[in-house]
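If you're wondering where the values come from, they're calculated on a predicted model, not measured in any experiment.
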Protein chains: 2
Amino acid sequence: MNKGEELYSGKAKTVYRTEDPDAFIMVFRDSLTAFDGEKKAEVSKKGYYNAQISKKLFELLEMNGIETHYREMVTDNEMLVDNIKIILVEVIVRNIAAGSITKKYPFEVGQPLEPPVIVMDYKDDARHDPMLNEDIAEALGLATKEELADVKKTALKIRVIIQWNSPLSADSTPISTL
Amino acid sequence: MNKGEELYSGKAKTVYRTEDPDAFIMVFRDSLTAFDGEKKAEVSKKGYYNAQISKKLFELLEMNGIETHYREMVTDNEMLVDNIKIILVEVIVRNIAAGSITKKYPFEVGQPLEPPVIVMDYKDDARHDPMLNEDIAEALGLATKEELADVKKTALKIRVIIQWNSPLSADSTPISTL
């Protein structure tokens, strides 16, 4: 499979068409950004490591019955993926309070969040990814309430898969059912 | 009923204890603020009109079976209310896109929101009332998921009561059941 027309270039990856209309190639670049892309730099091997970590994570998810767009690696930092339409919602599952959530709300840094706190942001760099609620997401036409409930359920399943397979976890055997 | 110790003074109202430990007096002041209290001014009769509008709204809600903390007016701008513990959540029901929501998200000004969009903010001036979702509200201990569902249901009931009783509405007869 070969890279064709460049479709989109984001903060860390560039997406290309291929001979197959149903497949894209994602190139993981060495670019480094912070503050929503305001600060930029290059770090050698960053693309390689990002691609390899993503590969491992997608394989882990597929192994545990979560569908992803991952097909296979083309090179060490190039990934063949399905041409899919994404929901423009970024899903963050917080097990421990840290970072922005402790600045915005009175949580202590390091405070365990049990049950975990799910935050959904609207993926829109120009608007700095504003936080959504389900009414707003639906009114914007991003997803239906049913789709959002499904996304949330999947996020919680992935949380368990990652925790069980973490090197920090006592039991790191892949799980096949949840 | 007489004003005792001053309990709290906010942007527009001051709350006093009374002889009755279960009742407070709220004084509607002539203060005017904007930008979360950054700009301040005094406007003659503002307290009077705010108090009278609040009285009408509380009476309308009570008449339609929604419990409030309202008891009676003490003077034209002083209201006797129950001593209650409030949930620190501000509930905004939007029927039409306008103001902040059109700046934060790609809604057109004037766009009808059908179904209405409910936004819940954490009442905390120092943090500029950050938007909540249900997970965050629960993790902060502000309310349980069940209480939030109840708050949302009540907000939607109040929306209907206010719309049916609006002078702009074709049918402005008070409704007793929903």
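Hydrophobic cluster membership differs between Phe58(A) and Leu80(A), with clusters built from Ile, Leu, Val, Met, Phe, Trp and Tyr side chains linked at under 4.5 angstrom. Hydrophobic clustering keeps Ile96(A) apart from Val119(A) (ILVMFWY residues linked when any side-chain heavy atoms are closer than 4.5 Å, directly or through intermediates). Under the 4.5 Å side-chain heavy-atom criterion for ILVMFWY residues, a single connected hydrophobic cluster contains both Leu148(A) and Leu140(A). Using a 4.5 Å cut-off between side-chain heavy atoms of Ile, Leu, Val, Met, Phe, Trp and Tyr, with links allowed through other members, Ile66(B) and Val151(B) fall into different hydrophobic clusters. Following chains of ILVMFWY side-chain contacts shorter than 4.5 Å, one can reach Met26(B) starting from Leu7(B), so the two form part of one hydrophobic cluster.
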Chain A against chain B: donor-acceptor pairs under 3.5 Å:
from	atom 1	to	atom 2	distance (Å)
Tyr105(B)	OH	Met131(A)	O	2.3
Ile118(B)	N	Asp135(A)	OD2	2.8
Ile118(B)	O	Asn133(A)	ND2	2.8
Met131(B)	O	Tyr105(A)	OH	2.4
Asn133(B)	ND2	Ile118(A)	O	2.8
Asp135(B)	OD2	Ile118(A)	N	2.8

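With a 4.5 angstrom heavy-atom cutoff, Leu113(A) touches chain B only via side-chain atoms.
Scanning both residues, Leu132(A) and Met131(B), for their nearest heavy atoms gives C-CE, 3.5 Å.
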